[in-house]
Amino acid sequence: MNRLGFIGMGNMAQAIADGFISSGVISGENVYAYAPHTEKLKGNAARIGFTPAASLSELTEKCDTLIMACKPYQIEDILDNTAENLRGRSVISIALGWDHDRYVKELAGRGISVSGPDGVKIQFVMPNTPAQVGEGVFLFEEMHSLDNEERMQVMDAFSRLGIVKELPSRLMGIGGAITGCGPAFIDMYIEAMGDAAVKYGIPRHTAYDLVSATVKGSAALQLATGTHPAELKDAVCSPGGSTIRGVAALEKAGFRDACISAIDEIMN
């Protein structure tokens, strides 16, 4: 990853570029990006420290590693126009639905392989929005065509922005549902608990601070200790106490079932 290029520079790409540069993974002078909105791209370049490219062809000529960070529906057109320029390069795709097998199929249809010195090396990665504050989860598809050394380098780079986990291809969908959609569900929980706090007199800004810090601390405790969530819950529930009454109310309202049903809706 001597020269890194971003195809697309939305919020996630900005977070990754900023994180890579600020953590010293790669120097800003070796990071490039192309996006169709030139003025916005230049503004982000000045703020983050990368170099804006004038065209996709310029980007692909300069960079040995590319992060496909555009909208999923745009990728077929990009491959139509730049597939030949991708030969011998590595593509890290963070676009939903564009896994290793899909690239193999799409590139084969354009006469390009994912192996050999002229092949395009592919790694599918699913990020999530907390990456914007260095607390992301990055799911690496087990199937890939990167060199082992290069893959370790890429995984190390993403680990600077959060947690890196590897999943087999068949589990990337459910993994993405949990980590990609999960933040929205957790945000709904934060909002709801914040409303409860406001109902009983706590100012809204303070309410959100309290709830978000509690969510963060509880998650950090589970990650640090590896303790089963049920044990952590039980440790807070004194016999006949306030917490267990609240737990019973959540159970009565179908809290667990609602969480599982939300994932079922995504997966079905």
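The figures here come from the full heavy-atom set of this structure, side chains too, leaving out hydrogens, waters and symmetry mates. Please read all numbers here as calculations on a predicted model, not as lab measurements.
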- Message: Using only atom types and a distance under 3.5 Å, with no angle test, would you say the side chain of N81 pairs donor to acceptor with the backbone of D77?
- Response: yes
- Query: Thinking salt bridges, do R170 and E142 make one under a 4.0 Å N-O criterion?
  - Reply: no
- Message: Would the distance check show the side chain of Q123 and the main-chain N or O of E141 forming a donor-acceptor pair, the cut-off being under 3.5 Å?
- Response: yes
- Under the criterion side chain to side chain contact (heavy atoms under 4.5 Å, CB included), which of M155, R151, Q153 is the partner of L146? R151
- Is the centre of the F140 ring less than 6.0 Å from the centre of the F158 ring? yes
- Would you kindly confirm whether F50 and V154 end up in one hydrophobic cluster when ILVMFWY residues are joined by side chain heavy atoms under 4.5 Å apart? yes
- Determine whether L161 and M1 fall in the same hydrophobic cluster, where Ile, Leu, Val, Met, Phe, Trp and Tyr are linked whenever their side-chain heavy atoms lie under 4.5 Å apart. yes
- Compare all side-chain heavy atoms of V215 with those of Y189 and state whether any distance is below 4.5 angstrom. yes
- Within a radius of less than 6.0 Å around CG of L96, do more than 12 heavy atoms belonging to other residues, nucleotides or ligands occur? no
- Task: Quick one: pull up CD1 in I21 and CG in L4 and give me the separation to the nearest 0.5 Å.
- Result: 8.5 Å
- Message: Between Q14 and M9 (side chain of the first, backbone of the second, donor and acceptor by atom type, cut-off under 3.5 Å), is there such a pair?
- Response: yes
- Message: When you measure from the side chain of R245 to the backbone of G240, do you find a donor-acceptor pair of N or O atoms at a distance under 3.5 Å?
- Response: yes
- Please check if any side-chain donor atom of N44 sits under 3.5 Å from a side-chain acceptor atom of R47, or the reverse. yes
- Query: Side-chain contact, heavy-atom cut-off 4.5 Å: Y103 with I75?
  - Reply: yes
- Message: Could you check whether any side-chain heavy atom of D99 comes within less than 4.5 Å of a side-chain heavy atom of M172, counting everything from C-beta outward?
- Response: no
- Query: Ignoring hydrogens and geometry, is there a side-chain-to-backbone donor-acceptor pair from S145 to I122 under 3.5 Å?
  - Reply: yes
- Note on the structure: Closest non-hydrogen atoms of P183 and P130, given as atom of the first, atom of the second and distance, are CG-CD, 4.1 Å
- Side-chain heavy-atom pair I163, E135 within 4.5 angstrom cut-off: no
- Do L232 and V236 have side chains that get closer than 4.5 Å, going by heavy atoms? no
- Under the 3.5 angstrom rule, does the side chain of R89 hit a backbone N or O of R87 as a donor-acceptor pair? yes
- So, T60 side chain and S57 main chain: donor-acceptor pair closer than 3.5 Å or not? yes
- Query: Would you say the side-chain atoms of N85 and T82 include a donor-acceptor pair closer than 3.5 Å?
  - Reply: no
- Message: Is it the case that the side chain of R160 and the backbone of G19 share a donor-acceptor pair, with hydrogens and angles ignored and the cut-off at 3.5 Å?
- Response: no
- Message: R3 vs Y32, test: side-chain contact (heavy atoms from CB on, under 4.5 Å). Steps then yes/no.
- Response: CA-CA 8 Å; R3 285 190 171 184; Y32 298 80; 3.7 Å; yes
- With distance as the sole test, does E106 use its side chain to make a donor-acceptor pair with the main-chain N or O of L79 at under 3.5 Å? no
- Query: Does the separation of the ring centres of F124 and W98 fall below 6.0 angstrom?
  - Reply: no
- Task: Run the numbers on K165 and T179 for side-chain contact (heavy atoms from CB on, under 4.5 Å), then give the verdict.
- Result: CA-CA 11 Å; K165 294 290 183 181; T179 62; over 6 Å; no
- Task: Please answer whether the main-chain N or O of A258 pairs with a side-chain N or O of S261 as donor and acceptor at a distance below 3.5 Å.
- Result: no
